[in-house]
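Here the structure is laid out as structure tokens; the discussion comes afterwards.
Numbering of residues begins at 1 and proceeds along the displayed sequence.
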Amino acid sequence: MKDPKRKTALITGATSGIGLAFTKLLAKEGYDLMLVASGRDRLLREQRALQQWKPHLQVMVFCQDLCEEDEAEKVYEWVNKQHRHVDLLINNAGFGLVGPSQEIDASQEKRMLRILTETPTMLCKYFLRDMYEEQTGCIVNVASTGAFQPGPYTASYYAAKSYLYQYSQAVRLEARKNGVQVITLCPGTTRTKFFAKTGKKTPIWAMTPEKVVEAAWKGIQKDQAVVVPGIINQLLRLVPANLKAYGVALLKK
């Protein structure tokens, strides 16, 4: 029987980057963890490490490729089979593709669009229902500062993050009357595997995932609608979108 005072966090993309940083922070804060990622070995390795570090916590793992159709429903069904109520949902899973729009592999682009838009939308839909019944809960959707302007050579990635940003802002207004927080996290350049997977070097000004997640945790405590970690990223929001898009084109070309 779960201790009603213990809270449970569900984190997608939990084994690297921002997802891993969330996992460690929430373990430190005493959350039981439900971790979802596509790599079984990394999931099991992280589960063992967390259980050794925090043996009083429950750490459950689910290996699932969220790029595939109907995977959000499978995650929700798995949570129900564990007889768990999710107090905090971190929609973090994703990846990016870089290159001229006509040259990016179509099948990979479809997978990317699903994991960045369809999957988090459906996870919000399923878990919001449960949170509304309890009149409490929090969802953090990980978008990007790329949501604030077009992104040449990362056109569909930026557009997908813009969708998640707009969707999250709308759902936040719906959820408030039910006692549920919906927060949009918009990190800038971060030291994750994103750049390595696209064949690019990580810029030297990139923030660490830990700093991003620290800002997100403060935002959760304050119930901020949008969290943009880092002063530079906050200042860049003031720059006209067309100028930022031009800068993106120079960096990504």
Side-chain angles (χ1 to χ4, degrees), residues 9 11-29 31 35 37 42 46 88-98 112 115-116 120 138-154 157-165 168-169 181-241 243-253:
I11 307 168
T12 68
T15 57
S16 65
I18 291 171
L20 180 58
F22 263 118
T23 296
K24 292 178 178 178
L25 181 143
L26 293 172
K28 186 178 178 180
E29 293 293 331
Y31 279 75
L35 310 181
R42 287 183 297 171
E46 190 59 32
L88 175 57
L89 167 63
I90 309 292
N91 271 320
N92 167 72
F95 68 94
L97 297 170
V98 177
M112 183 192 72
I115 199 171
L116 293 180
C138 179
I139 295 175
V140 177
N141 288 326
V142 181
S144 165
T145 54
F148 304 141
Q149 75 277 328
Y153 302 100
T154 44
Y157 176 81
Y158 274 43
K161 290 297 188 178
S162 182
Y163 163 84
L164 188 59
Y165 171 78
S168 302
Q169 293 301 289
Q181 296 173 274
V182 179
I183 293 169
T184 314
L185 175 60
C186 295
T189 306
T190 308
R191 293 189 178 279
T192 67
K193 294 181 179 179
F194 176 91
F195 290 95
K197 288 180 178 179
T198 59
K200 304 288 184 179
K201 290 185 178 180
T202 302
I204 58 173
W205 62 83
M207 292 183 71
T208 65
E210 290 75 18
K211 288 293 184 184
V212 170
V213 170
E214 284 175 17
W217 183 245
K218 290 178 182 176
I220 292 171
Q221 308 310 305
K222 296 177 181 179
D223 191 20
Q224 286 182 239
V226 180
V227 177
V228 180
I231 293 175
I232 293 176
N233 292 324
Q234 293 167 18
L235 291 174
L236 283 173
R237 288 192 72 181
L238 303 176
V239 177
L243 290 180
K244 287 188 288 186
Y246 181 73
V248 171
L250 293 176
L251 286 171
K252 300 289 176 66
K253 188 173 181 180

Exam field: side chain Q181 to backbone I220, donor-acceptor pair closer than 3.5 Å: yes
Atom pair CD (Q224) and NZ (K218), whose distance is rounded to the nearest 0.5 Å: 10.0 Å
So, do T189 and M207 sit near enough that their side-chain heavy atoms are less than 4.5 Å apart? no
Is it true that a side-chain atom of T23 and a backbone atom of G19 form a donor plus acceptor pair closer than 3.5 Å? yes
Is P120 close to L164 at the side-chain level, that is, under 4.5 Å between some pair of heavy atoms? yes
Could you tell me whether I231 atom CD1 has more than 12 heavy atoms of other residues or ligands within 6.0 Å of it? no
Over all heavy atoms of both residues, which pair between V213 and A21 is shortest? Give the atoms and the distance, please. CG2-CB, 3.5 Å
Residue pair T145 / G188: nearest heavy atoms and the distance that separates them: OG1-CA, 3.4 Å
Once rounded to the nearest 0.5 Å, what's the spacing between atom CD1 of I11 and atom CD1 of I18? 12.0 Å
Given side chains that start at C-beta, do those of C138 and I183 come closer than 4.5 Å, heavy atoms only? yes
What are the two closest heavy atoms between T184 and S168, and how far apart are they? OG1-CB, 3.1 Å
Taking all heavy atoms of A37 and all of A14, pick out the closest pair and write down the distance. CB-N, 4.2 Å
Side chain proximity check, V140 to L88, heavy atoms < 4.5 angstrom: yes
Does L35 reach the side chain of T15, with side-chain heavy atoms less than 4.5 Å apart? no
Short question: side chain of N92, backbone of V142 - any donor-acceptor pair under 3.5 Å? no
Between P229 and P187, what is the shortest heavy-atom contact and its length? CD-CA, 3.8 Å
Rounded to the nearest 0.5 Å, what's the gap from CG on N141 to CG on L116? Could you check? 11.5 Å
Can you check whether T190 reaches T208 side chain to side chain, under 4.5 Å on heavy atoms? no
Does any N or O in the side chain of Q234 come within less than 3.5 Å of the main-chain N or O of V228, such that one atom is a donor and the other an acceptor? yes
Is the ring centre of Y157 less than 6.0 Å from the ring centre of F95? no
Side chain of T12, backbone of A93: donor and acceptor closer than 3.5 Å? yes
So, taking the atom named CG in L26 and the one named CD1 in I90, what distance separates them when rounded to the nearest 0.5 Å? 6.0 Å
Do F148 and C186 come within less than 4.5 Å of each other through their side chains, counting heavy atoms only? yes
Quick one: does L185's side chain get under 4.5 Å of F22's, heavy atoms only? yes
